[in-house]
Chemist: 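Quick one: the structure is below, and I'll ask about it shortly.
Because the structure is predicted, anything quoted here is derived from the model rather than measured. Note on naming: letters A, B, ... go to the chains in the order of the sequence lines (proteins, then strands), and numbering restarts at 1 for each one.
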Protein chains: 4
Amino acid sequence: MTQNPKTFENLPDEKRERVLNEATSEFAEHGYHQASINRIVKRLGIAKGSLFKYFGNKQGLFEYLFGHAINQFKQPLKHIRETTSDKDFFERIEKSLLAGVDFIQAHPHIYRIYLKMLFQENFPMRDKFLSEVRRGSTKYLRPLVTAAMKSGELRNDLDPDMVVFHLDSIMDRFFQAHTVPYLDGPITLYDTDKQTTENKARAITDFLRRGLGNPS
Amino acid sequence: MTQNPKTFENLPDEKRERVLNEATSEFAEHGYHQASINRIVKRLGIAKGSLFKYFGNKQGLFEYLFGHAINQFKQPLKHIRETTSDKDFFERIEKSLLAGVDFIQAHPHIYRIYLKMLFQENFPMRDKFLSEVRRGSTKYLRPLVTAAMKSGELRNDLDPDMVVFHLDSIMDRFFQAHTVPYLDGPITLYDTDKQTTENKARAITDFLRRGLGNPS
Amino acid sequence: MTQNPKTFENLPDEKRERVLNEATSEFAEHGYHQASINRIVKRLGIAKGSLFKYFGNKQGLFEYLFGHAINQFKQPLKHIRETTSDKDFFERIEKSLLAGVDFIQAHPHIYRIYLKMLFQENFPMRDKFLSEVRRGSTKYLRPLVTAAMKSGELRNDLDPDMVVFHLDSIMDRFFQAHTVPYLDGPITLYDTDKQTTENKARAITDFLRRGLGNPS
Amino acid sequence: MTQNPKTFENLPDEKRERVLNEATSEFAEHGYHQASINRIVKRLGIAKGSLFKYFGNKQGLFEYLFGHAINQFKQPLKHIRETTSDKDFFERIEKSLLAGVDFIQAHPHIYRIYLKMLFQENFPMRDKFLSEVRRGSTKYLRPLVTAAMKSGELRNDLDPDMVVFHLDSIMDRFFQAHTVPYLDGPITLYDTDKQTTENKARAITDFLRRGLGNPS
DNA sequence: GATGAATGAGTATTCATTCAT
DNA sequence: TATGAATGAATACTCATTCAT
């Protein structure tokens with residue numbers, strides 16, 4: 001590998017961003033293997049050799065770009081934990097749902113790459129990235145659940161691991177349904193406006209509260 | 001598809017099966033575009049021209065194979081409805097979980113193709129196949145839910161659409177976690193033995209009963 | 001070569017004709033190399049093997065078919081000579097023009113194959129067929145010219161070879177212009193009705209009479 | 001054409017010419033569809049990808065090459081009009097015959113492609129190129145004819161459109177007979193030396209003068 | 001540091017021809 | 001005699017990658 005990421009990092013900010021954006025949207029649209037370096041450089045108007053100087057090869061470009069993106073993924077979760085109190089578990093869930101949708105709408109390309117990666121075994125660095133994302137999700141939800149069980153917000157006859165599995169499934173599906181049709185079933189979410197998203201997040205939270213919350 | 005698949009259907013059973021199996025596993029491993037007709041025929045030891053005689057082109061092969069598979073998908077669900085009574089909603093859910101896993105373990109390639117299709121926009125016939133699968137899922141779950149609400153098994157303060165969304169999310173995640181690592185979170189399912197699967201299905205069902213069932 | 005033309009000749013008339021017709025129109029439409037045996041048998045609804053049994057290979061089919069057609073080519077010229085007298089040279093030319101157009105309109109496929117063959121060196125049997133046709137043309141025209149010069153209908157200061165070359169060029173172009181656009185120049189012939197064709201043939205004949213005829 | 005031909009135009013002159021020459025002779029020998037990119041690159045000793053970089057696809061190569069050639073076609077006609085006076089119509093025709101043969105002998109491949117295109121309907125850009133050539137021909141001849149009729153060189157009882165049709169037929173056949181055997185009839189032109197060509201052109205011109213010229 | 005021409009193995013697809021049934 | 005499944009070399013075209021300028 002002859003790449004030299006320093007070369008790329010010395011580029012003017014604006015150009016660096018353009019490169020990453022165009023490449024990201026190419027990968028988002030076509031997945032890893034169908035993405036075409038030819039198309040990327042044509043859209044960018046730069047020489048093919050330059051891209052290879054920056055990142056060595058296709059995989060290097062992808063890893064750089066997705067590693068870069070994954071950091072932004074962690075911001076919103078952190079923000080929620082900091083701006084909400086331990087007191088209201090279900091409010092936190094609701095805010096997490098909305099924050100997730102916000103992030104997806106702000107960075108649709110990254111989320112689409114992530115979804116493609118989920119079931120495509122031959123993405124480079126797939127193991128590394130996916131385990132990182134999943135670990136992040138569990139590390140975020142589990143303390144919320146155990147705290148809520150301690151404080152009595154959640155019923156105490158529940159298995160915390162089950163609750164995490166449960167919440168994770170519902171939340172992920174909620175996000176996916178905002179990105180891909182077919183996944184919403186009877187509650188239509190795809191391509192709807194913000195107002196509707198908020199109503200649905202509220203409805204799901206209420207539903208969870210009724211199912212998991214302490215009736216007392 | 002310029003060829004009608006009569007030629008293929010006249011083949012001896014054994015050969016027909018070998019062709020479908022090799023092709024299916026190629027698509028399962030690589031997705032649609034990365035799947036290589038060259039590799040398929042090399043593994044089969046038949047001439048390239050033959051495959052095109054059978055199915056006209058790559059897309060024809062895929063459609064035949066996946067359309068064929070999708071029919072098998074519908075059998076287990078039907079079987080459950082017929083062999084269980086309306087009386088125990090949660091037993092039905094538990095059996096559905098196990099039947100789904102059984103199917104996936106019997107046809108792992110087909111399920112992997114389906115998962116790849118979910119987030120890969122350029123699969124041929126994606127719209128047709130996905131909407132067919134999703135519709136099947138909703139059409140299966142909704143009557144179960146409304147019947148259970150009528151009979152008093154499910155709490156009557158729940159929105160049936162929400163329950164369906166809920167069940168669908170959990171069930172899908174349960175299946176996916178059997179196929180793809182990373183998706184199980186704290187409850188490990190991937191690559192485990194049958195005993196464990198049954199315990200987990202039972203645990204999830206119990207959990208749902210506690211959350212959604214009528215306490216009376 | 002394993003072909004057996006007897007096999008074909010034993011076929012019922014109706015089938016034999018259908019085979020020749022479909023094959024002829026395939027060659028007329030696509031030329032020799034682009035013509036597809038696959039398409040021919042599909043249109044005919046017969047087995048591919050049968051065609052090869054009849055004619056051995058693609059070239060055998062073409063030779064049979066075109067040899068068959070070329071005989072029909074000779075009929076109209078013969079007919080003209082027999083039904084007109086030596087007395088009116090220019091009437092003969094005019095009738096020949098109309099007879100040629102009639103033949104082309106009755107057998108458009110054959111004429112189109114002939115035209116394609118003219119400039120496509122790799123038609124099988126091209127040499128044999130073309131020289132046969134050209135010889136036929138000269139053998140038809142030359143006696144007409146010499147007779148007319150003797151009888152005084154044509155000016156006697158003309159070189160008979162030149163007259164033949166001349167007439168041949170004009171007549172061929174007249175036929176081609178009925179089949180292919182672009183070749184008519186300022187006198188539009190392509191796709192016109194019979195009335196117009198007759199007018200044009202008359203006009204050309206008159207023109208020739210003025211140019212070549214004996215003014216006395 | 002997805003590629004603009006800048007890449008090709010930046011190539012060193014010598015290479016550019018070799019590429020065009022080999023490609024032209026391939027198309028001349030085999031026509032459009034039977035021409036093989038594989039053969040072209042093998043003969044050139046360059047990579048297949050390069051040719052596609054230059055011209056995008058087979059059709060792009062053909063259009064570039066033929067469009068390029070068609071411009072050269074127009075030079076000799078223009079040259080004749082400029083170097084001859086209106087005074088001698090038949091001298092102009094004679095010079096045109098010789099100039100045409102000169103061009104054809106200098107660019108035999110291009111003329112052979114043109115002839116193939118005449119009766120092969122599926123040449124790309126056939127309509128565009130043929131109508132351009134034909135229009136050029138008519139636009140060249142018609143003013144010559146009308147001028148000559150006005151000046152009294154041509155008999156005034158002739159229809160100018162007929163004269164054009166006439167001249168066009170004769171001239172084209174004269175050119176074709178230099179390229180393809182069979183088309184000369186009793187006056188042999190194919191593969192003959194320059195001396196003979198000049199004699200024949202003179203003979204044809206004299207013949208035309210006798211037929212069309214004003215006897216006064 | 002940037003360029004962009006060159007590469008060649010890879011892709012899906014077509015086709016005339018053969019031959020066992 | 002008729003069938004139609006099997007063949008494999010051929011086709012146009014794409015693509016990540018290299019490297020001399």
Side-chain angles (χ1 to χ4, degrees), chain A residues 1-4 6-8 10-11 33-42 46-61, chain B residues 2-3 6-8 10-12 15 33-41 45-61, chain C residues 1-4 6-8 10-11 33-42 46-61, chain D residues 2-3 6-8 10-12 15 33-41 45-61:
Chain A
M1 262 191 278
T2 62
Q3 90 268 27
N4 183 3
K6 276 218 194 96
T7 306
F8 181 64
N10 288 341
L11 251 43
H33 288 288
Q34 283 312 101
S36 156
I37 298 281
N38 280 346
R39 274 195 298 261
I40 294 175
V41 296
K42 198 180 292 171
I46 67 171
K48 216 188 298 195
S50 300
L51 216 60
F52 281 89
K53 267 283 189 298
Y54 302 154
F55 306 106
N57 55 23
K58 192 182 189 180
Q59 178 161 342
L61 165 61
Chain B
T2 61
Q3 231 68 19
K6 218 168 66 186
T7 303
F8 181 64
N10 287 344
L11 253 43
K15 180 168 184 183
H33 289 288
Q34 278 316 98
S36 157
I37 298 281
N38 281 353
R39 272 195 301 260
I40 294 176
V41 297
I46 68 172
K48 220 186 293 196
S50 298
L51 214 61
F52 283 91
K53 259 279 187 296
Y54 301 155
F55 305 106
N57 54 26
K58 191 181 187 179
Q59 180 163 341
L61 166 59
Chain C
M1 261 194 279
T2 64
Q3 91 266 30
N4 183 3
K6 278 221 193 91
T7 306
F8 180 65
N10 288 340
L11 251 42
H33 288 287
Q34 282 311 101
S36 156
I37 297 281
N38 280 346
R39 274 195 300 259
I40 293 175
V41 296
K42 198 181 291 171
I46 69 170
K48 216 187 298 194
S50 299
L51 216 61
F52 281 87
K53 266 283 190 299
Y54 301 154
F55 306 106
N57 54 25
K58 192 182 187 178
Q59 178 162 341
L61 164 61
Chain D
T2 62
Q3 233 70 18
K6 218 169 65 185
T7 302
F8 180 65
N10 288 343
L11 251 45
K15 180 167 184 184
H33 288 289
Q34 277 318 99
S36 157
I37 298 282
N38 281 352
R39 271 194 302 259
I40 294 174
V41 296
I46 68 170
K48 215 186 298 195
S50 298
L51 213 61
F52 283 91
K53 259 280 188 295
Y54 301 155
F55 306 106
N57 54 26
K58 192 182 185 177
Q59 179 162 342
L61 166 59

Chemist: Would you check if the side chain of K48(A) reaches a backbone N or O of K42(A) as a donor-acceptor pair within less than 3.5 Å?
Modeler: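 Side chain of K48(A) to backbone of K42(A), a donor-acceptor pair under 3.5 Å: no, none is there.
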Chemist: Quick check: does any side chain N or O of K58(A) sit under 3.5 Å from a backbone N or O of A35(A), one acting as donor and the other as acceptor?
Modeler: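 Here the side-chain-to-backbone pair exists.
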Chemist: Could you work out which one of dC15(F), dA6(F), dC13(F) sits closest to the side chain of N57(D)?
Modeler: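 For N57(D), the side-chain atoms sit closest to dC13(F).
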Chemist: Say you draw a straight line from CG of L11(D) to NZ of K15(D); how long is it, rounded to the nearest 0.5 Å?
Modeler: 5.0 Å
Chemist: Counting only side-chain N and O atoms of K15(D), is one of them less than 4.0 Å from OP1 or OP2 of dA6(E)?
Modeler: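 So the side chain of K15(D) is within the cut-off, an N or O lying under 4.0 Å from OP1 or OP2 of dA6(E).
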Chemist: Check if the side chain of K48(C) and the base of dT17(E) share a donor-acceptor pair of N or O atoms closer than 3.5 Å.
Modeler: yes
Chemist: Measure from NZ on K53(B) to P on dA12(E) and round the result to the nearest Å.
Modeler: 18 Å
Chemist: Choosing from dA6(F), dA16(F), dT17(E), which nucleotide comes nearest the side chain of N38(A)?
Modeler: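 Looking only at side-chain atoms, N38(A) lies closest to dA16(F).
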Chemist: Could you state the atom-to-atom distance from OH of Y54(C) to C1' of dA2(F) in whole Å?
Modeler: 7 Å
Chemist: Could you say whether S50(B) or R39(D) is positioned toward the 5' end of DNA chain F, judged by the nucleotide with the nearest heavy atom to each?
Modeler: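 Per heavy-atom nearest nucleotide, the more 5' residue is S50(B).
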Chemist: What is the pairing partner of dA12(E), taking Watson-Crick or G-U wobble pairs with both distances under 3.5 Å in any strand?
Modeler: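 Pair assignment: dA12(E) / dT11(F).
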Chemist: Separation of L11(A) atom CG from dG1(E) atom C1', in whole Å?
Modeler: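 Roughly 10 Å, once rounded to whole Å.
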Chemist: Whole-Å distance between dT18(F) P and I37(A) CD1?
Modeler: 12 Å
Chemist: Want to settle it: does Q34(C) or P12(D) sit nearer the 5' end of DNA chain E, counting the closest nucleotide to each?
Modeler: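 Of the two residues, P12(D) wins.
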Chemist: Hey, which of these two, S36(D) or Q59(A), hits DNA chain F nearer its 5' end, going by closest nucleotide?
Modeler: S36(D)
Chemist: dT3(F) P sits how many Å from I46(C) CD1, rounded?
Modeler: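 Interatomic distance, CD1 of I46(C) to P of dT3(F): 7 Å.
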Chemist: How many angstroms lie between OH in Y54(D) and OG1 in T7(D), if you round to the nearest 0.5 Å?
Modeler: 8.0 Å
Chemist: Find the distance L51(A):CG to dG4(E):P and express it as a whole number of Å.
Modeler: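 Atom CG in L51(A) sits about 14 Å away from atom P in dG4(E).
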Chemist: Output the single nucleotide from dA12(F), dA6(F), dG1(E) whose closest atom is nearest the side chain of K58(D).
Modeler: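 Looking only at heavy atoms from C-beta outward on K58(D), the closest nucleotide is dA12(F).
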Chemist: When rounded to the nearest 0.5 angstrom, what distance separates CD1 in I46(C) from NZ in K53(C)?
Modeler: 12.5 Å
Chemist: Considering only side-chain heavy atoms of F52(B), which listed nucleotide, dA2(E), dT14(E), dG8(F), is closest?
Modeler: dT14(E)
Chemist: Whole angstrom is fine here: how far is it from CZ in F55(B) over to P in dA6(F)?
Modeler: 11 Å
Chemist: For the pair made of CG in N10(A) and P in dG1(E), what is the distance, rounded to whole Å?
Modeler: 8 Å
Chemist: For dA5(E), which nucleotide in any strand shown is its Watson-Crick or wobble partner with both distances under 3.5 Å?
Modeler: dT18(F)
Chemist: Given dT17(E), dA6(F), dA5(F), which nucleotide is nearest the side-chain atoms of T7(B)?
Modeler: dA5(F)
Chemist: Want to settle it: does A47(D) or G49(B) sit nearer the 5' end of DNA chain E, counting the closest nucleotide to each?
Modeler: A47(D)
Chemist: Hey, could you give me the CG/CZ distance between N10(C) and F8(C), rounded to the nearest 0.5 Å?
Modeler: 11.0 Å
